[in-house]
Amino acid sequence: MEIFLKDIAKYKDQTVTIKGWVFNLRSSGKIIFLQIRDGSGFIQAVANQSELAAEKWEQVKKITIESSISVTGQVIAHPKQIGVYELQVKNLQIVQIAKEWPIGKKEHGPEFLLDHRHLWLRSQKQWAIQRVRNSVINAIYEYLNNNGFIKIDAPILTPTSCEGTTTLFAVPYFDLGSAYLSQSGQLYIEAAIFSHGRVFDFGPVFRAEKSKTRRHLTEFWMMDAEAAFVEHEENMKIQEELISFVVNKVLTDNLFELNILERDLEPLKKIKPPFVRMTHAEAVKKLQSLGSDIKPGEDLGGDDETLLTKDSPVPIFVEKWPKSIKAFYMRRDPNNPEVVLGADLIAPEGFGEVIGGSERETDYEVLVKRMQEEKLPLEPFQWYLDLRQYGSVPHSGFGIGLERLVGWMCGTHHIRETIPFPRMINRLTP
Ligand code: 4AD
Ligand code: MG
């Protein structure tokens, strides 16, 4: 019977067939040990010369690393390790003998591995990261679907910016001049709340920023959520619940993967609401007391984000930012019009900002004034301004950077490993 390795425990002592790849092997003369992967799991198959026809044994001896095979054998429980099985090979077909595998003979630098990303994806750690990414995506969908949000797909080709004009990728667009690759679907899903109340999008976004940090990609995946009649406080509540749900889901479903990644589980187990809240002004003070040279009114750098959460087991919402360093659409604090009702969520353990969000400006005139201050052209945003004239309501939303969140879950130092094919300033291939 043909099975997937994830189901192996159900077939103890039975004879099964597995189709996959040999990711490692060693020989002790009359026995060859094959480490096999089928995509769903891993197993050691033991090929014994005395139990195979001579011509089969000759074939087994030809197997190289990453050769593809179909192997039939008996499932044997490991004598000591619970839940571990081995396959006693009875028959084996070679699908293809792989040429010499370029990865793994010696230590490789990151550029070598990234040049071979199409092959590197098969390594066990990279396999584990993509499994966690899949869980994180599904957990986000699950939470939002269970909490009244529906998915609304935002366009990728747009006539305007969402997060600032200096970081846009332009593409020629027929007779209409330039289109820009979306930086965030937010403005579009804001339109959809007037139809559906609570909505989200989830897709690739693009930033032409010249940041070469371990937290920046030029193409990454974002989930933007937006909700009508939700104000700043409730916006943060939704975020802390959602993040706690995702962490709990990963801790429940991905222990095998987290173990491969040698992820310390203790910090993740502490992620429960409420998260810490502090204003930007308070964060600056705290950072200064910890030795940062940040000044009042300045944005937090990557090192500041790491420093700020150093002693905090839970993430920190930094809220009420100076309006001059945040986007035009953020609502001003009625108690202090110099700051906006926006919050960045900073993950612990040095994983940095994972969410940016805010209550939105609802007043037509104020919004126009903010856009003029930012020197944004009004005409392409007229549709967005319209939303403030037909049943405008208080509303809020936020955007999660998927790769930052996955990096945090996996304990991955650089987020380039959390996306299958990373795009960075100096990398467009493979
Ligand atoms: O903070 P940002 O720029 O917020 C927005 O785009 C809002 N329109 C979202 C909203 O309110 N709907 O981006 C959101 C998140 C950041 O917190 C970060 O996690 C991630 O996206 N992010 C990046 N991830 C990887 N590479 C980059 N260059 C990123 N820039 C932002
Ligand atoms: Mg941000």
Side-chain angles (χ1 to χ4, degrees), residues 133 136 140 144 149 152 154 156 158 160-169 180-193 198-227 230 232 235-236 238-239 242-243 246 280 299-302 304-305 315-319 321-322 325-331 340-347 351-361 384 395-409 412 414-419 422-425 427:
R133 179 180 169 108
V136 170
I140 292 174
L144 292 167
F149 289 80
I152 290 284
I156 286 177
T158 62
T160 50
S161 79
C162 174
E163 293 301 315
T165 46
T166 56
T167 61
L168 284 166
F169 283 109
Y180 302 98
L181 300 183
S182 177
Q183 299 164 311
S184 159
Q186 178 200 323
L187 304 187
Y188 289 93
I189 66 164
E190 276 190 59
I193 63 162
R198 293 183 167 211
V199 299
F200 70 102
D201 67 24
F202 206 152
V205 292
F206 306 87
R207 304 267 169 115
E209 57 195 326
K210 296 225 162 69
S211 310
K212 277 193 184 169
T213 81
R214 64 190 181 94
R215 295 170 186 160
H216 287 88
L217 299 167
T218 54
E219 174 180 323
F220 63 98
W221 281 62
M222 191 177 335
M223 190 290 294
D224 295 285
E226 198 72 27
V230 165
H232 176 56
N235 193 32
M236 290 191 287
I238 296 171
Q239 293 169 51
L242 167 53
I243 293 296
V246 171
H280 175 267
D299 202 356
L300 272 63
D304 290 322
E305 292 175 358
I316 297 180
F317 283 111
V318 178
E319 56 170 340
W321 290 70
I325 55 171
K326 285 294 181 193
F328 72 94
Y329 53 70
M330 293 195 181
R331 181 165 182 237
V340 290
L341 296 176
D344 281 2
L345 185 66
I346 318 291
F351 290 98
E353 178 199 331
V354 286
I355 302 186
S358 79
E359 187 170 338
R360 317 306 189 189
E361 184 54 66
Y384 183 71
H395 65 284
S396 302
F398 57 93
I400 300 182
L402 176 63
E403 289 72 19
R404 300 241 188 122
L405 183 53
V406 174
W408 171 25
M409 294 302 102
T412 314
H414 197 306
I415 65 167
R416 65 192 167 199
E417 285 186 47
T418 66
I419 188 164
R423 299 300 178 233
M424 293 170 285
I425 302 178
R427 179 167 296 279

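The figures here come from the full heavy-atom set of this structure, side chains too, leaving out hydrogens, waters and symmetry mates. Order of listing sets the numbers, starting from 1, for every ligand and every atom in it. Residues take their numbers from the sequence shown, with the count starting at 1. Since the structure is predicted, the reported quantities are computational estimates derived from the model, not experimental observations.
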Checking R215 side chain against G302 main chain: does a donor-acceptor pair fall under 3.5 Å?
yes

For atom 16 (C) of ligand 1, closest protein heavy-atom neighbour:
E353 OE2, 3.2 Å

For the residue pair H280 and W321, categorise the inter-ring angle as parallel (less than 30°), tilted (30 to 60°) or perpendicular (more than 60°).
tilted

Whether E353 has an N, O or S atom under 2.8 Å from the Mg ion (ligand 2):
yes

Atom 7 (C) of ligand 1: the protein heavy-atom neighbour that sits closest, reported with distance to 0.1 Å
E163 OE2, 3.3 Å

Between T218 (side chain only) and R423 (backbone N and O only), is there a donor and an acceptor less than 3.5 Å apart?
yes

Atoms of ligand 1 close to V354 [distance to a heavy atom under 4.0 angstrom, numbered from 1]
17 (O), 19 (O)

Hey, is the main chain of I189 close enough, under 3.5 Å, to the side chain of E226 for a donor-acceptor pair?
no

Check whether any side-chain N or O of D224 sits under 3.5 Å from a backbone N or O of G185 as a donor-acceptor pair, and report yes or no.
yes

Between the side chains of K326 and D344, is the shortest nitrogen-to-carboxylate-oxygen separation below 4.0 Å, so that they form an ion pair?
yes

Contacting atoms of ligand 1, where contact means under 4.0 angstrom from a heavy atom of S184
6 (O), 7 (C), 8 (N)

Nearest protein heavy atom to atom 11 (O) of ligand 1, by residue and atom, and its distance?
R360 NH2, 2.9 Å

Return a yes/no value for L217: is any of its N or O atoms, backbone included, closer than 3.5 angstrom to an N or O of ligand 1?
yes

Among protein heavy atoms, which lies nearest atom 3 (O) of ligand 1, and at what distance?
R207 NH1, 2.9 Å

Keeping the roles fixed (side chain from S396, backbone from V230), state whether a donor-acceptor pair exists under 3.5 Å.
yes

What residue and atom, counting heavy atoms only, is the protein's closest point to atom 18 (C) of ligand 1, and at what distance?
R404 NH1, 3.5 Å

Which ligand 1 atoms are under 4.0 Å away from a heavy-atom of Y329?
7 (C), 8 (N)

Closest non-hydrogen atoms of Q186 and D201, given as atom of the first, atom of the second and distance, are N-OD2, 4.2 Å

Mind checking whether R215 has a heavy atom under 4.0 Å from ligand 1?
yes

Under 4.0 Å from any heavy atom of G399, which atoms of ligand 1 are there?
9 (C), 10 (C), 11 (O), 12 (N), 14 (C), 15 (C)

Sidechain-backbone polar pair: N235 side chain, G397 backbone, donor-acceptor under 3.5 Å
yes

Looking only at heavy atoms of L402, does any of them come nearer than 4.0 Å to an atom of ligand 1?
no

At less than 4.0 angstrom from any non-hydrogen atom of I355, what atoms of ligand 1 do you find?
17 (O)

Mind checking whether E403 has a heavy atom under 4.0 Å from ligand 1?
no

For D224, the ligand 1 atoms whose distance to one of its heavy atoms is below 4.0 Å:
9 (C), 10 (C), 12 (N)

Could you list which atoms of ligand 1 come closer than 4.0 Å to a heavy atom of I415?
25 (C)

What's the separation between atom NE2 in H232 and atom CD in E359, rounded to the nearest 0.5 Å?
8.0 Å

For ligand 1, is any non-hydrogen atom under 4.0 Å from F220's backbone (N, CA, C, O), its side chain (CB onward), both, or neither?
side chain

Heavy-atom pair of closest approach, residues E219 and I419:
O-CD1, 3.8 Å

A student checking ligand 1 against E209 at a 4.0 Å heavy-atom cut-off should list atoms 27 (C), 28 (N), 30 (N)

For the backbone of E353 and the side chain of R404, can you confirm whether one donor and one acceptor N or O come within less than 3.5 Å of each other?
yes

